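Notes follow once the structure below has been shown.
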Amino acid sequence: MLRADRLVKRYGGRLALDQFCLQVAAGEIVGLVGSNGAGKTTFVEVVTGLVRPEAGALEVGGIDALSGRLDRALVGAAPQEQALYPPLTVRQHLHLFGALSGMRRAGLKRAVDATLGELGLEGVADRRAGLLSGGQRRRCQTACALVASPPLLMLDEPTVGADPETRRALLQAVTSRATAGAAVVYTTHYLAELEELGATLAVVSSGRVIARGSQAELLSRLPCRLRVSFSGGVPEGARRHGTVVGDDLTFLCSDPAAALARLIADAPGARSIEMQRPTVEDLYSHLAVGYAA
Amino acid sequence: MRLDGCRRTGILMRHNATLLLKEPGPLASRLVMPLVAIAVFAPLDRAALGTRGGPSQAVTGMLVLFSMLGLSVVGTSLLSERMWHTWERLRTTPARPAELLAGKAVPVALVLVVQQAAVIGFGAAVEGFHVANVELLVLALAGWCAALLAMGSALAALVRSQAEFSAAQDIGGFVATSLGGALVPLAEMPAWARHVAPASPGYWAMAALRGAVAGQTGTVLRADGVLVVLAAAAAMVGVSRVRRAPSRSSRM
């Protein structure tokens, strides 16, 4: 559904996108993660047509998105900055963005009502955006991107500052749209959300994607953390294996079985063993720091 | 595709008209203030300039003065979109830049037309304001409206905040219209003011309107020509700034 090939974008002397490559299939949710200034928002702005790259290719649904022929109704965008008209109601917002995407009359009304229900906005549908709570504004913002059911969704940190109820509603809406076949590019700093969404990952650093794949695939490359507790302190023979804190010995290993076998050979008598599998947070820290170095 | 563009422009016109009507205060004040000013100044102008010249000065002067202040309607509608970040949001939709600008310009132009029609109508009904050639009046007002729309758009594109816009519009608008002879007839102003007056858009608006009142086609066409050139130049500034509007990523 989305194919970005070696995109380059400069702002003065700063290279915001440096040979940025990314492909997203229909029905896939891609979590775009990276530090501030890594290039995530620039990429979103290139896809949504706000910014033109200096080089590279971009296709949406097989159509060249840089040629001016792309129907922007194919792309639903929810920018990071809140962009709502305070005097307009939630319903008026959805009508506006649905109508601009080509929806009309009964079809538009059905889509507006369905999207209001999907994001729990029925109770505030006729309230002015200026009077909404922060969470309601976030939901309205995303609803404007969803109302026309575009096949590609670009959601730039849609849950920032959102309460748990809003976060839950937004994640459910994103999941159901992907299940219905939409390709979703989801940028966030809340990495736990990506695990909840079952998203594949694209880690961005210095304007390019430095790691791409499913969470399981990327996490399998990281070491596990083992914590072994001993009664009466960590034996001398075991101390060289890792870090000692009180009665606990902690260390990283790629092969837990082999590491434990070596440890037990040097220091039998462990009271308990706890294994922590790497998380998306660990992956990001490992990749981003490693790439920067 | 063209039908889709017309449809989208219509949607945007209705949308911007809704936004204008949601905040009717500024519209109401721009309608009422010139009518009150005409009622107050007309007797003075009649005493100084006679029964024909007096109402003509009062009506055309207040029309130019308060329509210049009506720039705030134009500028505020654009500045609000920047403040609310909704302009960028609209740019991600299928609507093209020309459709976005037309959708914004037409409702604002209608506000200006209603204001001018109200002033002219009140002047005619209450103060005996008389125009020799109505077609020339329409032509004069069309040129002035185009100039106002374009100047308001350019100003909104150049300033950084609502406060800057208000200051520029208040000071610039008052100076431009005063120098044009909107408050005091040009003939009664100091020599230096008469010398610099042609540099003011208000001067050409007053010239076009006076030409229409007197039925002088050549005067109206010449003045309208200047206003159209001014409108084109201002529109180029406004459109180029809108096209180059910095995105969020460029500001990081």
Side-chain angles (χ1 to χ4, degrees), chain A residues 9-12 14 16-17 36-52 68-89 92-93 95-104 108 128-130 141 144-145 148 150 154 156 207, chain B residues 1-27 73 76-104 107 162 242-252:
Chain A
K9 178 64 190 173
R10 274 189 186 81
Y11 291 113
R14 184 172 71 88
L17 294 179
N36 293 331
K40 306 184 300 296
T41 295
T42 304
F43 173 66
V44 170
E45 289 183 345
V46 167
V47 175
T48 54
L50 290 178
V51 152
R52 195 163 176 81
R69 288 184 291 116
L70 178 70
D71 181 0
R72 292 262 151 230
L74 293 175
V75 184
Q80 184 183 344
E81 273 175 328
Q82 284 199 13
L84 298 174
Y85 294 93
L88 294 188
T89 65
Q92 284 172 322
H93 276 89
H95 263 282
L96 171 66
F97 288 100
L100 285 175
S101 292
M103 306 189 85
R104 303 171 78 160
L108 175 57
R128 290 184 172 206
Q141 172 109 324
C144 292
M154 305 294 294
D156 196 354
Chain B
M1 285 295 267
R2 200 166 291 164
L3 269 176
D4 287 341
C6 290
R7 234 195 103 247
R8 284 191 298 263
T9 306
I11 291 164
L12 289 163
M13 284 185 200
R14 271 194 301 281
H15 161 67
N16 284 298
T18 303
L19 286 176
L20 283 173
L21 292 172
K22 290 270 187 184
E23 301 286 349
L27 303 180
V73 175
T76 300
S77 77
L78 284 169
L79 276 172
S80 300
E81 297 267 12
R82 273 168 59 184
M83 217 164 53
W84 297 331
H85 306 292
T86 47
W87 189 253
E88 279 193 358
R89 184 69 185 82
L90 286 176
R91 284 174 59 214
T92 67
T93 67
R96 300 185 184 278
E99 294 162 13
L100 293 176
L101 288 170
K104 191 147 283 287
Q162 184 68 52
V242 161
R243 277 221 171 103
R244 286 189 294 114
S247 61
R248 181 173 174 272
S249 62
S250 69
R251 297 193 298 267
M252 290 168 69

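Quantities reported herein were computed from a predicted structural model and do not represent experimental measurements.
Contact tally against chain B (heavy-atom pairs below 4.5 Å) for A:Ala99, A:Gly102, A:Gly39: the top residue is A:Ala99. With chain B as partner, the option from A:Ser101, A:Gly49, A:Ala77 having the largest number of non-hydrogen pairs under 4.5 angstrom is A:Ala77. Put simply, of A:Leu70, A:Leu84, A:Val44, the one with the most heavy-atom pairs under 4.5 Å next to chain B is A:Leu84.
How far CG of B:Leu19 is from CG of A:Leu88: 5.0 Å, rounded to the nearest 0.5 Å.
Across all their heavy atoms, A:Pro87 and B:Glu23 have their closest contact at CG-OE2, 4.5 Å. Scanning all heavy atoms of the two residues, the minimum distance from B:Arg91 to A:Leu50 falls at NH2-O, 3.2 Å. In terms of heavy-atom proximity, B:Pro94 sits nearest to A:Ala73 at CG-N, 3.4 Å.
Contact annotation for A:Gln92: only side-chain heavy atoms (C-beta onward) come within less than 4.5 Å of a heavy atom of chain B. For B:Thr18, the part lying under 4.5 angstrom from a heavy atom of chain A is the side chain only. With a threshold of 4.5 angstrom between heavy atoms, A:Ala16 does not approach chain B through any atom at all.
Considering only residues two or more places apart in sequence or on other chains, A:His95 meets the ring pair (Phe, Tyr, Trp, His ring centres under 6.0 Å) condition with none of them.
Put simply, the side chain of B:Glu88 does not reach to within 4.5 Å of the side chain of A:Thr48, judged on heavy atoms. Counting heavy atoms from C-beta on, the side chains of B:Leu90 and A:Leu100 come closer than 4.5 Å.
Of the possible donor and acceptor atoms, none in the side chain of A:Arg72 sits under 3.5 Å from a partner among the backbone N and O of B:Thr92.
Note that B:Arg89 lies outside the cation-pi zone of A:Tyr85, set by a 6.0 Å cut-off to the ring centre and a 45° limit from the axis.
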